[in-house]
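Since the structure is predicted, the reported quantities are computational estimates derived from the model, not experimental observations. So that the names make sense, note that chain A is the first sequence line, chain B the second, and so on, each numbered from 1.
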Amino acid sequence: MRTAFIPGANLSKGEIPLILRTHYSGEIRPEMDGSEVTLAGHVHEIRDLGGICFLVLRDREGLAQVTVLTKRADRNLVETVRGVSRESVVLVRGRVKAEPKAPNGFEILPEAVEVLSRADSPLPLDPTGKVGAELDTRLDARFLDLRRPTSMAVFKIESAVMRSLRNTFYENGFIEVCTPKIVATATEGGTALFPISYFEREAFLNQSPQLYKQMLMATGLDRVFEIGPIFRAEEHDTRRHLNEAISVDVEVSYADHEDVMSLLENAVSSAYRYVSESCERELRILGVELDVPKTPFRRITYTEALEMASDSGKKSMEWGDDIDTETEHYLGSVIGEHYFLTDWPSSVKPYYTQPYDDKPEICKGFDLMHPTMELASGAQRVHDYDLLVSRIKEKGLNPESFEFYLKPFRYGMPPHAGWGLGLARLVQTMLGLENIRDAVLFPRDRRRLVP
RNA sequence: GUCCGGAUGGUGUAGUGGCCUAUCAUGAAGCCCUGUCGAGGCUUCGACCCGGGUUCGAAUCCCGGUCCGGGCGCCA
């Protein structure tokens, strides 16, 4: 009986009509007593007390109690409400009643209830959260897991984070770009790539937009950013690695590593501030109190970090080693806030990292660290063609396979710097999520390819 | 890849050789109930990851496998 419902939205120009609903439940206030509304969403719970029956409807913005006085209400309506299964999709038209005994101080007295889609039973997990579910179970039924307010809140916050990052970039004169994810080179060095079949040739999923965003510096675009997927075929098995991740990448011409570190700390700090201001409800649902990290973040050189680590009494690291996980955790526990690790040995960082002129054994590369893990890494890049070629050779790579990348460096390449930031790690650390999979809608790891 | 731990109804769990035709909660089906808000009460339904082995007897012990969680490694 679709005709029972009259979409009541008064649309302003450009607004998307709410086809069936007039309000989200979070928009209803006790002061709206008497007004007619149409809600749409999933059946969160039904509590049938006999003479009175409560149907709790859940939508993106909250819960609304629909109250049916079973002896007085329309018989068909009572049958519909009593017969509907949990998590079915329903449309409810009715009047708002201010009611102190109801949650949030209001309830809906329904005039019509329509079941738009009936949910099967039993459910693969309990979306009300009364009974827990393990991560694996939740990911197998992610669509249902995301109906749990705690799971949904993470992704509302992630959206706010992306929005804030984009704001920061646009405010600083950046242009958003999209670089290819299907690439020909397997020889960037380091990480394993996913090979794919590309007509008669072999191709790969890109591990990073690094080479492309650098090439864009030769176009005069000057300041670019990209938020997009990266793919790594490493068989890692940790709670902070996935084989597909979203990377927030920037590249800036006429800038050095200090300039882009400053951009990075401001972007991160602003994201925290924006989330704390715009996602109060989500933070409350998650029980998270955000401390906006103060800028500037501490700078610690690689060499200082090694000295701090030697105080810990742990097995000592040699200068020139990459910093291992144990040391990383130790430093995090001592420092206790975001910090930059700077002035790395040139041997540890990629070939495109600019060495210091006066001390070429160290370079202008940096990592942004959260006390628990690395969030981002960046550098001032090598923009001199000859230096770049010799650095590629030093790393044991063949410059010929980088011809497409090296070419722009011969025709006017400005000095430039940039970084790449892991979006899910930023959200994971911001919200204190134990596993990065909690911060990704449909995570891809060594074993999980579905859903 | 490696080390440690784990796998019991749809979900989350108890259960260290016989007391287990397996506990509790949630759920589902049915009944009672006019203010629930993790509603309550009564009845019913539904499970020991797979394959070998030990034993009179295995959810429980052993071996192999699969999968899951955590640590490390890998991750320029």
Side-chain angles (χ1 to χ4, degrees), chain A residues 44-58 63-73 78 82-83 85-87 97 99-107 109 119-141 144-145 148 185-193 207-208 210-211 230-243 245 322-329 344-353 363 365 367 373-374 377 379 391-392 394-397 402 420 422 425 434-435 437-438 445-448:
Chain A
H44 187 70
E45 274 184 299
I46 297 169
R47 281 190 283 275
D48 185 356
L49 277 65
I52 191 166
C53 181
F54 304 104
L55 181 153
V56 180
L57 178 146
R58 182 188 60 245
L63 303 172
Q65 173 169 289
V66 178
T67 303
V68 181
L69 297 170
T70 56
K71 283 168 188 157
R72 273 191 266 158
V78 173
R82 286 202 160 135
S85 54
R86 294 167 75 224
E87 296 306 322
K97 185 188 169 204
E99 173 55 73
K101 283 181 282 191
N104 306 318
F106 75 89
E107 63 191 8
L109 301 179
D120 268 354
S121 176
L123 299 163
L125 54 78
D126 171 21
T128 68
K130 275 185 276 188
V131 180
E134 290 191 2
L135 181 61
D136 197 46
T137 306
R138 290 172 43 216
L139 292 176
D140 279 342
L144 197 54
D145 174 56
R148 298 163 64 240
T185 358
T187 45
E188 206 175 306
T191 195
L193 302 186
Q207 67 185 87
S208 151
Q210 180 65 33
L211 304 186
I230 58 172
F231 306 91
R232 305 206 168 170
E234 298 297 332
E235 299 197 358
H236 30 224
D237 189 8
T238 77
R239 45 187 184 142
R240 58 183 186 281
H241 289 94
L242 290 172
N243 297 293
D322 201 354
I323 290 181
D324 59 35
T325 308
E326 191 186 8
T327 306
E328 198 175 289
H329 289 165
W344 286 75
S346 301
S347 58
V348 177
K349 288 294 178 186
Y351 57 82
Y352 48 73
T353 311
C363 68
D367 284 359
M373 70 184 77
E374 178 188 331
S377 66
R391 291 277 294 149
I392 288 172
E394 278 168 34
K395 293 283 178 182
L397 299 166
F402 293 94
R425 285 189 177 191
E434 301 214 330
N435 195 309
R437 290 159 181 80
D438 271 313
D445 62 31
R446 177 71 182 87
R447 292 190 187 80
R448 182 174 289 278

> If the P atom of B:U54 is compared with that of B:U8, how far apart are they to the nearest Å?
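The answer is 27 Å between these two P atoms.
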> For the side chain of A:Ala102, counting heavy atoms from C-beta on, which of B:U2, B:U26, B:U36 is nearest?
B:U36
> Any side-chain N or O of A:Arg232 below 4.0 angstrom from OP1/OP2 of B:A76?
yes
> Base, sugar-phosphate, or nothing for A:His44, non-hydrogen atoms under 4.0 angstrom?
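Touches nothing.
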> A:Asn435 side chain N/O closer than 4.0 Å to the phosphate oxygens (OP1, OP2) of B:G70?
yes
> Please give the distance between the P atoms of B:G6 and B:C31 as a whole number of Å.
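About 45 Å, rounded to a whole number of Å.
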> So, does A:Lys130 get its side chain near the phosphate of B:G27, meaning an N or O under 4.0 Å from OP1 or OP2?
yes
> Compare all side-chain heavy atoms of A:Tyr351 with those of A:Phe402 and state whether any distance is below 4.5 angstrom.
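In short, these two side chains touch, coming nearer than 4.5 Å.
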> Do NZ/NE/NH1/NH2 and the carboxylate oxygens of A:Asp367 and A:Lys349 come within less than 4.0 Å?
yes
> So, OP1 or OP2 of B:C72: does either fall under 4.0 Å of a side-chain N or O from A:His236?
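No, no such contact exists.
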> Pick the C1' atom in B:C20 and in B:C63, then give their distance to the nearest Å.
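Each nucleotide's C1' atom is 26 Å from the other's.
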> Of the options B:C75, B:G35, B:G70, whose atoms approach the side-chain atoms of A:Arg239 most closely?
B:G70
